[in-house]
Asker: 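Just dropping this structure here.
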Protein chains: 2
Amino acid sequence: MLKKERHDSIMRQINLHNRVLTSDLVQLLSVSEDTIRRDLQELAERDQLYKVHGGALSKSYQSSFDDSTVYAKEAKIIIAKKAITLIKDGMVILTGGGTTIIEMVKQLPENLHATFFTISPFVAIELANYPRVEVILIGGLFSKNSQVTYGGHVINQLSEISPDLCLLGTSALHPNDGLTDTDWEINQLKKTMLNCSKKTAVLCISEKLNISLRLKVAPITNIQYLITELPTTDPQLDDYQIKSLQIL
Amino acid sequence: MLKKERHDSIMRQINLHNRVLTSDLVQLLSVSEDTIRRDLQELAERDQLYKVHGGALSKSYQSSFDDSTVYAKEAKIIIAKKAITLIKDGMVILTGGGTTIIEMVKQLPENLHATFFTISPFVAIELANYPRVEVILIGGLFSKNSQVTYGGHVINQLSEISPDLCLLGTSALHPNDGLTDTDWEINQLKKTMLNCSKKTAVLCISEKLNISLRLKVAPITNIQYLITELPTTDPQLDDYQIKSLQIL
DNA sequence: ATTAAACACGCAATTAAACGCAAAATAAGT
DNA sequence: ACTTATTTTGCGTTTAATTGCGTGTTTAAT
């Protein structure tokens with residue numbers, strides 16, 4: 001088996017399971033441990049995965065779990081400040097969850113007058129500090145992992161609203177594969193959020209760029225704004241310079 | 001399981017719960033106590049948590065779940081422990097918001113298997129720690145004062161469910177006037193919650209007894225359980241000794 | 001003071017990683 | 001096609017990391 005095939009296979013396993021054991025890969029690909037180790041090392045050098053003792057982890061896995069030590073907070077504040085330029089008085093806005101969105105909420109102007117729909121209790125609680133903001137928490141099953149509401153009931157309610165702007169945190173963004181995710185239910189949810197909104201902005205710290213996960217949410221052409229902490233001219237963003245997408 | 005996964009899992013527990021017991025982690029991650037201790041030590045060295053005898057504490061106490069300032073906490077814990085005796089495996093339960101209810105949630109047995117509907121995001125977040133509990137957050141307008149969802153949408157959804165038990169925190173309870181409140185919308189809400197549930201338990205610290213507010217929610221005969229921090233024989237409860245009301 | 005739980009320390013067993021080297025495979029040039 | 005240069009791989013060995021257990025000590029609660 002060619003090295004490149006092995007690497008692809010390893011990346012597939014990682015995207016599929018968020019983690020992989022060296023020993024499993026040895027069996028799966030029937031090569032020696034040394035080879036796997038060398039492969040993992042190489043992929044780690046290319047920033048495609050996170051190497052740990054005993055195996056490797058998905059790079060995006062990192063932040064899906066640690067949601068407290070607010071990872072890359074500086075970057076998220078920069079993103080937040082860019083994002084609020086999209087928000088005008090009187091708008092109806094739909095948001096997902098995640099630390100990036102919460103950072104954004106904290107940066108909102110004191111006297112903003114707007115209506116927010118959200119699937120995240122944390123976002124709702126944070127928004128409650130703004131006297132002129134109307135907050136509607138969309139109810140449904142509560143996801144223990146993502147800490148947002150999800151499921152059919154949420155989807156139904158989303159189909160009844162038509163916000164001006166949808167603000168979405170991301171697990172992964174890729175120039176070709178667009179927005180992807182790992183969880184089926186959250187995937188459905190994000191799809192619906194995107195579809196019901198007039199415009200969509202994706203908030204994405206740069207390390208989540210060029211990553212592609214198992215489940216496809218939407219092609220990049222369905223997104224109108226991409227917001228990262230990088231300057232708009234940064235070469236990392238070159239692959240995203242397409243006409244339908246405005247980079248902030 | 002990889003060490004980093006363990007660490008993330010531990011941090012997640014801490015961020016959600018603000019505290020964690022070594023023994024719980026041993027069970028949760030099925031490794032020896034030594035391993036957990038070494039993990040905690042490592043995380044403590046990295047300033048990610050405070051290590052204490054028996055477990056560890058969150059380093060950042062800033063969360064909205066800071067319960068160190070909860071008023072009359074001791075009393076509320078007593079109430080909580082009484083309340084959970086009403087909860088059996090398999091039940092469908094509806095809860096309101098408030099610190100008393102949150103204290104109760106924190107006291108629930110680790111392996112409770114039940115379905116909870118709630119109008120409080122805080123309660124939902126806290127319930128999310130219980131692996132076998134299904135949490136449904138009832139969505140709607142989010143009240144800045146009471147930090148619960150309210151309004152027509154909530155009322156509608158309540159009318160579609162029929163929980164076995166409704167757990168209600170109280171603003172005021174009076175032998176003649178029953179359950180009363182000050183806010184019109186919250187009042188409507190509590191009425192509906194009471195009506196849709198098969199039985200209702202009122203959680204009430206003793207200092208809120210014998211108080212009557214402007215708006216009537218329900219007569220005392222509509223309530224099945226009264227839970228206070230007092231012993232059931234306390235003279236303060238004499239006025240509430242009626243046949244339809246069980247005092248815990 | 002007594003007792004049980006929690007802890008720290010060292011040890012040994014297991015497992016993973018790193019290193020050097022030679023065989024095998026691949027690519028390149030004649 | 002044949003040889004040479006380069007890369008890749010597997011093996012043996014060494015080194016490091018991780019874990020669980022036994023033992024004795026500390027801590028907290030009664």
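Chain letters run A, B, ... following the sequence lines, proteins first, then strands; residues in each count from 1.
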Asker: Just checking, is any N or O donor in the side chain of B/T118 or B/T95 under 3.5 Å from an acceptor N or O on the other one?
Answerer: yes
Asker: Give one of base, sugar-phosphate or nothing for A/V26, where a contact means two heavy atoms less than 4.0 Å apart.
Answerer: nothing
Asker: Starting from P on D/dA17, measure out to NZ on B/K3 and report it in whole angstrom.
Answerer: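 In whole Å, D/dA17 P and B/K3 NZ are 9 Å from each other.
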Asker: Would you say the side chain of B/D34 and the base of C/dC7 hold a donor-acceptor pair, judged only by whether the two atoms sit under 3.5 Å apart?
Answerer: no
Asker: Side chain of B/V31: nearest nucleotide among C/dA8, D/dG10, D/dG20?
Answerer: D/dG20
Asker: Checking all strands, does B/S23 fall into the base, sugar-phosphate, or nothing category for heavy-atom contacts under 4.0 angstrom?
Answerer: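 Here B/S23 touches no strand at all.
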Asker: Can you check the B/L40 CG to C/dA8 C1' distance for me, whole Å?
Answerer: 14 Å
Asker: Examine D/dT8: is either OP1 or OP2 under 4.0 Å from a nitrogen or oxygen in the side chain of A/T35? Give yes or no.
Answerer: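 Checking D/dT8 against A/T35, no side-chain N or O comes under 4.0 Å of OP1 or OP2.
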Asker: Distance check needed: C/dT14 C1' versus A/E33 CD, whole Å only.
Answerer: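 Rounded to whole Å, this separation is 13 Å.
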Asker: If we call it a pair only when both distances are under 3.5 Å in a Watson-Crick or G-U wobble match, what pairs with D/dT30?
Answerer: C/dA1
Asker: If I take atom CG in residue B/D39 and atom P in nucleotide C/dA6, what distance separates them, rounded to the nearest angstrom?
Answerer: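 These atoms are roughly 17 Å apart.
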Asker: For B/I36 and C/dA8, give me the distance from atom CD1 to atom P, rounded to whole Å.
Answerer: 14 Å
Asker: Is there a side-chain polar atom (N or O) of B/R38 under 4.0 Å from OP1 or OP2 of C/dG10?
Answerer: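 No, outside the criterion.
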Asker: Does A/R37 put a side-chain nitrogen or oxygen below 4.0 Å from OP1 or OP2 of D/dT9?
Answerer: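 No, outside the criterion.
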Asker: Run the salt-bridge test on B/E42 and B/R46 with the 4.0 Å N-O cut-off and return the result as yes or no.
Answerer: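 Between B/R46 and B/E42 there is a salt bridge, with a charged N closer than 4.0 Å to a carboxylate O.
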